[in-house]
Amino acid sequence: MAGRVIRISERNGRFSERVKALSGEEIDLCFQCGGCSSACPMTSQMDLLPSKVMRLVQLGEEAVLKSRTPWICSTCFNCAARCPRGIDIANVMEALRQMLLRSKFDHLKLETVGREELREIPPIALISSLRKFTS
Amino acid sequence: MRFAYYPGCTLKTTARNYEDSALASARALGMELLELPRWNCCGTVHALAKDDVMHYLAPIRVLVRVEDMNREGILEGNYRLVTLCAMCYNTLKRANGVVKEDPDRMRKLHDIMEREQPYEGKVEVLHLLELLREMGFEKVAERVERPLRGLRVAPYYGCLLLRPRGFGIDNPDSPRVMEDLIRALGGEVVEFPYRARCCGSYHTVERKDIVAEAAYKILSQAREMGAEIVALACPLCSFNLSERQDEVEREFPGFRKIPVVYFTQLMALAFGLGEDVCGLDQNHVDPRPLLRSKSLI
């Protein structure tokens, strides 16, 4: 997405509003300080930094839904604890996941996890990953 | 003193050693933790989407059970619910916080819940560590029979005992409740910067690599700071920081395994409740050689 020209239209506005409603967060308060990105322990696996995701959501850029970042987020709330604007970025990540999950998309396919593995993994891990990654 | 107690799924399966050592230690301190009758899964994660009603059902049903216990006279005017698992603690506490402030959501929930009494919003969700702090660590210290002398323990909090702000058991920037406990038990505290860093959580199901990297960073830093053992309070953190050490060892040459235990196991040990109660044989990285070398078992 780097270097692309973003044209703001009504459609962009609608996307932003939907993320705001689902997350309950005042996304426009973000002034791009990058605090969330420096606090996030998972950035090495992400294609977009959390602060960049915030910017794209402000701009209403729907392509942010193709990003790997919301699926790498482990909802540890470190970003929220650091945000000087009081935004809970983890809620925004959840909203982005939900937008896809609610279109019957599954990020996790249990059949790809081996039987031995499934026996070993604690129930708390299975339930939480199914809650986060399946529709 | 009697309290309602919510175990959750994992304390009954892969974290028996957490529950056994916690209940026995609480008893040794004069607290009786009464398991809720007919409890259900809390859902493990808080429903973050603002329009979500359905996922409040499970945690709120659990809270209704606490009010039931009082209605039935099992408890008398004690609406405090004690948890051990960090994820259950967070899920129940946050759901409780939301519905108390949101009568509309509560009404929708009551429309769905047919067999339960309506939730009156009386319950307070607590973690056992909060009860210990309230009791006073000097009281805990008085009960110690076998101090953890010379044991260098790194307390690990992970995420959900501390965050989000306002829903944790301690200051998310500088927690001290586990440190105070370990000192009360006679152990040496090793504070390390990664004590509140995420272990990788539910990624353990299909992205073991993410968890292995997180575990490597956390555990090798604890070692560097001089820790011999890590103490924690979450069965998922425990799995990721113990069982996943096998992956860490494979992926990061030079990594030295380190035992990881529940804080309650250290309590039971220091209270002299016996090795059986501690369940040390169930920990993936065996802590017994270390504890033997310190003459603690």
Side-chain angles (χ1 to χ4, degrees), chain A residues 18-25 39-42 44-46 68 71-83 86 88-99 101-102 107-114 117-134, chain B residues 8-15 41-52 55 58 85-88 90-91 158-160 162-168 172-173 194 196-211 213-214 217-218 234-240 243 284:
Chain A
R18 240 185 108 202
V19 180
K20 279 180 209 168
L22 263 180
S23 66
E25 297 301 318
C40 177
M42 298 289 160
S44 66
Q45 302 283 338
M46 291 173 171
R68 202 162 59 222
W71 305 105
I72 296 296
C73 163
S74 58
T75 333
C76 78
F77 300 104
N78 225 9
C79 47
R82 299 286 161 260
C83 179
D88 191 333
I89 296 108
N91 285 350
V92 178
M93 295 295 170
E94 178 74 11
L96 297 174
R97 282 189 296 267
Q98 285 295 327
M99 287 171 105
L101 293 174
R102 291 177 186 193
H107 178 73
L108 169 70
K109 297 196 169 45
L110 266 194
E111 55 271 29
T112 61
V113 184
E117 274 289 306
L118 285 179
R119 254 193 290 276
E120 184 188 70
I121 290 169
I124 193 175
L126 278 178
I127 301 164
S128 52
S129 63
L130 289 169
R131 277 285 302 278
K132 287 288 175 184
F133 295 150
T134 63
Chain B
C9 57
T10 304
L11 269 79
K12 296 293 184 188
T13 51
T14 58
C41 171
C42 66
T44 72
V45 289
H46 176 58
L48 296 176
K50 283 296 154 294
D51 59 355
D52 196 335
H55 291 107
C85 167
M87 289 179 89
C88 298
N90 177 269
T91 306
C159 309
L160 297 177
L162 300 175
R163 296 185 296 268
R165 231 173 255 283
F167 286 95
D173 304 313
Y194 282 175
R197 190 184 166 100
C198 179
C199 69
S201 187
Y202 41 75
H203 283 303
T204 206
V205 175
E206 60 150 15
R207 290 292 306 270
K208 272 197 264 185
D209 58 318
I210 290 182
V211 172
E213 193 189 325
K217 284 182 180 156
I218 293 162
C234 170
L236 184 51
C237 296
S238 171
F239 181 80
N240 285 348
E243 270 81 349
H284 189 73

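Here is how names work: the chains are called A, B, and so on, in the same order as the sequence lines, proteins then strands, and each is numbered from 1.
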In sequence, state the C-alpha distance, the side-chain angles, and the governing distance for A:F77 and B:L160, and then conclude on side chain to side chain contact (heavy atoms under 4.5 Å, CB included).
-> CA-CA 8 Å; A:F77 300 104; B:L160 297 177; 3.8 Å; yes
B:E206 and A:H107: CA distance, side-chain angles, deciding distance, side chain to side chain contact (heavy atoms under 4.5 Å, CB included) verdict | CA-CA 10 Å; B:E206 60 150 15; A:H107 178 73; 4.0 Å; yes
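For the set A:K132, A:K109, A:R97, the count of heavy-atom pairs under 4.5 angstrom toward chain B peaks at A:K132. Across A:I127, A:L126, A:T112, the residue that shares the most heavy-atom pairs under 4.5 angstrom with chain B is A:I127. Ranked by heavy-atom pairs under 4.5 Å with chain A, the first of B:M87, B:H55, B:E243 is B:H55. Ranking A:G24, A:A125, A:S74, A:A95 against chain B, the residue ahead of the rest is A:S74, based on heavy-atom pairs under 4.5 Å. Of the listed residues (B:P235, B:G43, B:C42, B:G8), the one with the most heavy-atom contacts under 4.5 Å to chain A is B:G43. Interface summary for chain B: among A:A90, A:C76, A:S23, the most heavy-atom pairs under 4.5 angstrom belong to A:C76.
Atom CG in B:D173 sits 5.0 Å away from atom CZ in A:R82 (nearest 0.5 Å). To the nearest 0.5 angstrom, A:W71 atom CH2 is 13.5 Å from B:R207 atom CZ. Going from atom NZ of B:K50 over to atom NZ of A:K20 covers 15.0 Å, rounded to the nearest 0.5 Å. Rounded to the nearest 0.5 Å, atoms OG1 (B:T44) and CZ (A:R131) are 6.0 Å apart. The CG atom of B:L48 lies 12.0 Å from the CE atom of A:M93; values are rounded to the nearest 0.5 Å. To the nearest 0.5 Å, the span separating OG1 on B:T10 from CD1 on A:I121 amounts to 11.5 Å.
Across B:H203 and A:C73, no two heavy atoms sit closer than the pair NE2-O, 3.8 Å. Taking every heavy atom of both residues into account, A:E94 and B:A49 meet most closely at CG-N, 4.0 Å.
If you measure heavy-atom distances from A:E25 to chain B, you find no contacts under 4.5 Å at all. Heavy atoms closer than 4.5 Å to chain B are found in both the backbone and the side chain of A:I72. Only the backbone of A:A21 has a heavy atom closer than 4.5 Å to any heavy atom of chain B. Neither the backbone nor the side chain of A:C40 has a heavy atom closer than 4.5 Å to any heavy atom of chain B. Heavy-atom distances place no part of B:K12 under 4.5 Å from chain A, backbone and side chain included. Only the side chain of A:M42 comes within less than 4.5 Å of a heavy atom of chain B; its backbone N, CA, C and O stay farther away. For a residue to count as touching a neighbouring chain, one of its non-hydrogen atoms must lie under 4.5 Å from one of that chain's; by this rule A:A81 touches chain B with backbone and side chain alike. Only the side chain of A:S44 comes within contact range of chain B, with at least one heavy atom under 4.5 Å from a heavy atom of that chain. Contact annotation for A:A80: neither backbone nor side-chain heavy atoms come within less than 4.5 Å of a heavy atom of chain B. With a 4.5 angstrom heavy-atom cutoff, B:A47 touches chain A via backbone and side-chain atoms both. With a 4.5 Å cut-off on non-hydrogen atoms, B:C199 does not touch chain A at all. Heavy atoms of A:S128 lying under 4.5 Å from chain B belong to its backbone as well as its side chain.
Among residues two or more places apart in sequence or in another chain, the side-chain contact (heavy atoms from CB on, under 4.5 Å) test is passed with B:F167 by B:K93, B:R94, B:P164.
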